[in-house]
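Numbers here are sequence positions counted from 1. Keep in mind it's a predicted model, so treat the numbers as computed, not measured.
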Amino acid sequence: MNPHGLRAALVIGLAAALSSAIAGGLGLGGQSTTFAVVIAAVVVRPDFGRWPLALYPVLIVLMGLCMGFGTLTAQLLAGMPEVVLFALVTVVLRIAALLLPGKLQMLANVVTLGGVLPLLSSDPSWKAWGQELAAIALGLAVGTLVQINLAPAISRAATAEAPAPAPAPAAAPDPPPAERLRAGLRSPLFWRKTVLLTLALPIGQGLGALTPKYLYFGVLLLLNDATAATAERVRDRIIGVSLGVLMPLLVFNTFGLSTVSTGLVLGGTAALMTVLRLDRHLNTALFSSAIAFSGYGPLVAWYIPNRWLDYLMGSLLALAAALWLPPNATSCCAAPRQGPPPA
């Protein structure tokens, strides 16, 4: 068990409550407040380590650009069906993510996620874009500052006295952007995920899912090039989502909705995962708790069972694609790949 697990749970709960209170005080919308709560909770590291400083501006700029593209697309094509908007934004941003340098390839799914977030709103606007981007920055700032100030003394001392890292060996230069783009477009694995993403939302609607977007997110976040990695992500999602819905139900039925309740939900979920020694599934559980409680509020009791079933269908869809279209079955006609594989 993480020796700082329960302390981290306190920090996570406090960060979530503070971000919710500040977002409300600034007049940010309900969905924006949910963004702030989610980011503030997951940016806290249970080991009280620090994220690289360069990650913060890169993430904010990247999310701003991708969310801006999603907002612009929704406004220009306001009369188009939702499935068409999701498919268009997905294909364009999946291709754009191929241009990311090797160090940023880990953010490839974030690019697509940022593009479709505005499509979740019934009326995407530039005002909402600004509020949501401000909420993301707020969550990053609050979570980081609370962690720094409440880190164990030994952790702060170790950070202050840590020697400068030795210079890393020179990495091979990234291929030119045009070459990375050609390599990605020649990859059957890239097209396997892209095509399935364009079909995930209509598949969910056809199956009668009440929240079909979670089938889309299941494929986006879980389907990996490697079958074993996909199976591990599916396992993490089922465990994290299943345990992450417990605290929202308990707190809502006991204390109702408030800023303090938000902190209790996120802190309680973190403590539960620590006590059960399931720290590896903590972030998934925190996402589940924050979205259920902060995002849906009074509808939490109705939303949780339907959301769990739709997440399960999305997980099974991603796993089925990995098993029925494994890498060795889709790469028989692929040209040799160069550079990092697309996510």
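Within the structure, every pair that satisfies the side-chain hydrogen bond (donor to acceptor under 3.5 Å, both in side chains) test and touches residues 67-79, not counting sequence neighbours, is listed here: Gln75-Trp126. Among pairs with a residue in residues 57-88, those fulfilling ring-ring contact (aromatic ring centres under 6.0 Å, His included) read Phe86-Tyr216, at least two apart in sequence or across chains.
Under the 3.5 Å distance criterion, with hydrogens and angles disregarded, no donor-acceptor pair is assigned to the side chains of Thr144 and Trp51. Under 3.5 Å, the side chains of Thr194 and Arg94 contain a donor-acceptor pair of N or O atoms. Side-chain atoms of Thr211 and Tyr311 form no donor-acceptor pair, as typed in the model, at a separation below 3.5 Å.
Residues Arg280 and Glu232 are paired through a salt bridge, judged by an N-O separation under 4.0 Å between the basic side chain and the carboxylate.
Residues satisfying the side-chain hydrogen bond (donor to acceptor under 3.5 Å, both in side chains) test with Trp129, not counting sequence neighbours, are none. Partners of Val234 according to the side-chain contact (heavy atoms from CB on, under 4.5 Å) rule, which considers only residues two or more places apart in sequence or in another chain, are Leu222, Thr230, Ile238, Ser315, Leu319. For Leu264, the side-chain contact (heavy atoms from CB on, under 4.5 Å) partners at least two apart in sequence or on another chain are Val251, Phe255, Val260. In this structure Pro81 satisfies the side-chain contact (heavy atoms from CB on, under 4.5 Å) test together with Val83, Val84, sequence neighbours excluded. In this structure, Arg182 has no side-chain hydrogen bond (donor to acceptor under 3.5 Å, both in side chains) partners at least two apart in sequence or on a different chain. Among residues two or more places apart in sequence or in another chain, the side-chain contact (heavy atoms from CB on, under 4.5 Å) test is passed with Leu181 by Ile95, Leu98, Leu99, Leu185. The side-chain hydrogen bond (donor to acceptor under 3.5 Å, both in side chains) test applied to Ser261 returns Ser258, not counting sequence neighbours. Considering only residues two or more places apart in sequence or on other chains, Asp236 meets the side-chain hydrogen bond (donor to acceptor under 3.5 Å, both in side chains) condition with His281, Thr284.
Shown here for Ala15 and Val142, the closest heavy-atom pair between the two residues is O-CG1, 3.6 Å. Considering every non-hydrogen atom in both Val37 and Ala290, the closest pair reads CG1-CB, 4.1 Å.
Between the side chain of Lys193 and the main chain of Leu220, a donor-acceptor pair closer than 3.5 Å is present.
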Please output the side-chain donor-acceptor pairs of residues 201-209 that fall under 3.5 Å, not counting sequence neighbours, one pair per line with the distance.
none

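Hydrophobic cluster membership for Leu65: Val61 (Ile, Leu, Val, Met, Phe, Trp, Tyr linked by side-chain heavy atoms under 4.5 Å, directly or transitively).
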